[in-house]
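Step one of this worksheet: look at the structure below.
All figures in this text were calculated on a predicted structure; none of them were measured in a lab. Letters A, B, ... mirror the listed sequences (proteins, then strands); counts begin at 1.
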There are 2 protein chains.
Amino acid sequence: MTQHDTATKLLDAAEKLFAAQGFAETTLRTITKQAGVNLAAVNYHFGSKEALIQAVFQRYLDPFSEALTRQLNQLGEHEEKVALEWLLGVLVALAVGNSSKEQQKALLFFRLAGLAYTQSQDHLRSFIQERYAPLFKRFLTLLCNALPEVPATELFLRSHFALGSVIFTLQGFGSMQQISEQDFGQPLGLTQVIERLLPFVVAGFRAPYAAS
Amino acid sequence: MTQHDTATKLLDAAEKLFAAQGFAETTLRTITKQAGVNLAAVNYHFGSKEALIQAVFQRYLDPFSEALTRQLNQLGEHEEKVALEWLLGVLVALAVGNSSKEQQKALLFFRLAGLAYTQSQDHLRSFIQERYAPLFKRFLTLLCNALPEVPATELFLRSHFALGSVIFTLQGFGSMQQISEQDFGQPLGLTQVIERLLPFVVAGFRAPYAAS
DNA sequence: AGAGGTTTCAAACGTACGTTTAAAACAAAG
DNA sequence: CTTTGTTTTAAACGTACGTTTGAAACCTCT
């Protein structure tokens, strides 16, 4: 079932450790130890640590990007009259999944995404930018269809605001969970947070637009 | 006017370099070189690199926290009937300032704040948590007063969503500015982005609350 | 001017990193 | 079994890091 070749073991170990500690803070020695392989394996299979980082992201983003493209393609001629809730719902469904195993994977990815934004991995940022920008633009066009009363430049900004809410919230999900539990005695699951996140973002997108 | 003792020079250089490259990626050698002081100065004046990082944040957050506390104190008995817009306006005014020099400083700080959230600087996170959590709680109470129809647990979450939008947007402000300019030909100033950010966040806070 | 405390300095220390190497182990094909 | 190409291994390499050191330079008093 699960491949257990060295490269896969390395990716598994690396994504976990990167998410927990950051890129610069995670050493190849820790990764290879956790993966149970030799130290030299990273350089043999990927070439360098940078290449390993990119490979970790690619393993997440390529399937996601393909699935989203497929969903958007199958809209056909309904592209013009798609609703905001449908668009965001598709994103959530693809990114978060259903099973608790998928959700755990999703949390890991959000953590990684947050890191990618903040840690100064320029190679990674340009890698992602080049590879997935077209899809983002297409999504933005659909957003414009869904909210014709808001200009495109404003929607561009608001999509960044929304992305910020999501990534920021979910990447620090663990610690927020703790605080929430000790302050309000309320256990918070990922599904619950997303259920709260969606109305917030939807309301933000639908905010009345006032030109300045 | 401006102090030019070694410690200040170090803080100035460090905050710039940290913001540009992250904590782990910035070496004491780079910092001391940029500050024009000896390599040993950091350990002499601050004790360690970790302590320097904390000092950078403290220099930002202490004045901000005091100013905010002062503003809230002077509310007196009007605390009960304060408006959401007023609360957020105070935050913006204190955090961003008026002059372009203040705004540049503010952008630097937002970048640092983003780093603090994502880079695994546990010492820094607990330092901030302990030092400024009470003020955050107080602010949350005022939020509850301003939005009595939304339960406290929900407002706790929504304040995190909002914080995410703000920090995420402003910490990557530079690169977003570039994309926006080349895609829409529209130059974006910090003030303009904040003018757009506020309605988004306000709408999010005011989103109709539906219990699950 | 000189004593005492503080700050700076060049140099070095020990450690940990990413990467390389060359030999060993392994796998597949003749 | 031998050969050929691939993968794994232990060890080492070179570099860069944070930190420490002890002497020099600089103050600030009397």
For [X] and [N], what is the distance between atoms [atom1] and [atom2] respectively, to the nearest whole Å?
X	N	atom1	atom2	answer
N43(B)	dC17(D)	CG	C1'	12 Å
N38(B)	dC9(C)	CG	P	5 Å
L39(A)	dT7(D)	CG	C1'	15 Å
Y44(B)	dA10(C)	OH	C1'	17 Å
R29(B)	dC9(C)	CZ	P	16 Å
I53(A)	dC17(C)	CD1	C1'	14 Å
L10(B)	dC9(C)	CG	P	11 Å
F46(B)	dT8(C)	CZ	P	11 Å

_Please confirm whether the ring centroid of F168(A) lies under 6.0 Å from the ring centroid of F168(B)._
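Ring centres of F168(B) and F168(A) not closer than 6.0 Å.
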
*If you look at every strand shown and take non-hydrogen atoms under 4.0 Å, does T26(A) touch a base, only sugar-phosphate, or nothing?*
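The residue T26(A) makes sugar-phosphate contact but no base contact.
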
_By the 4.0 Å heavy-atom rule, please label A40(A) as base, sugar-phosphate, or nothing._
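The answer is base, as A40(A) lies within the cut-off (heavy atoms under 4.0 Å) of a base atom.
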
_Side-chain donor or acceptor of E102(B) paired with backbone N/O of S99(B) under 3.5 Å_ =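 Yes, E102(B) side chain to S99(B) backbone: donor-acceptor pair under 3.5 Å.
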
Distance check: side-chain N/O of [X] vs OP1/OP2 of [N], anything under 4.0 Å?
X	N	value
S48(B)	dG18(D)	no
H45(A)	dT8(D)	yes
T27(A)	dA16(C)	no

*asked:* Do the side chains of R111(B) and E15(B) get close enough for a salt bridge, i.e. N-O under 4.0 angstrom?
replied: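 Here R111(B) does not pair with E15(B) in a salt bridge, since their nearest N and O are not under 4.0 Å apart.
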
_Modelled atom types, side-chain donor and acceptor of D5(A) and T8(A), under 3.5 Å_ =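 T8(A) and D5(A) do have a side-chain donor-acceptor pair below 3.5 Å.
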
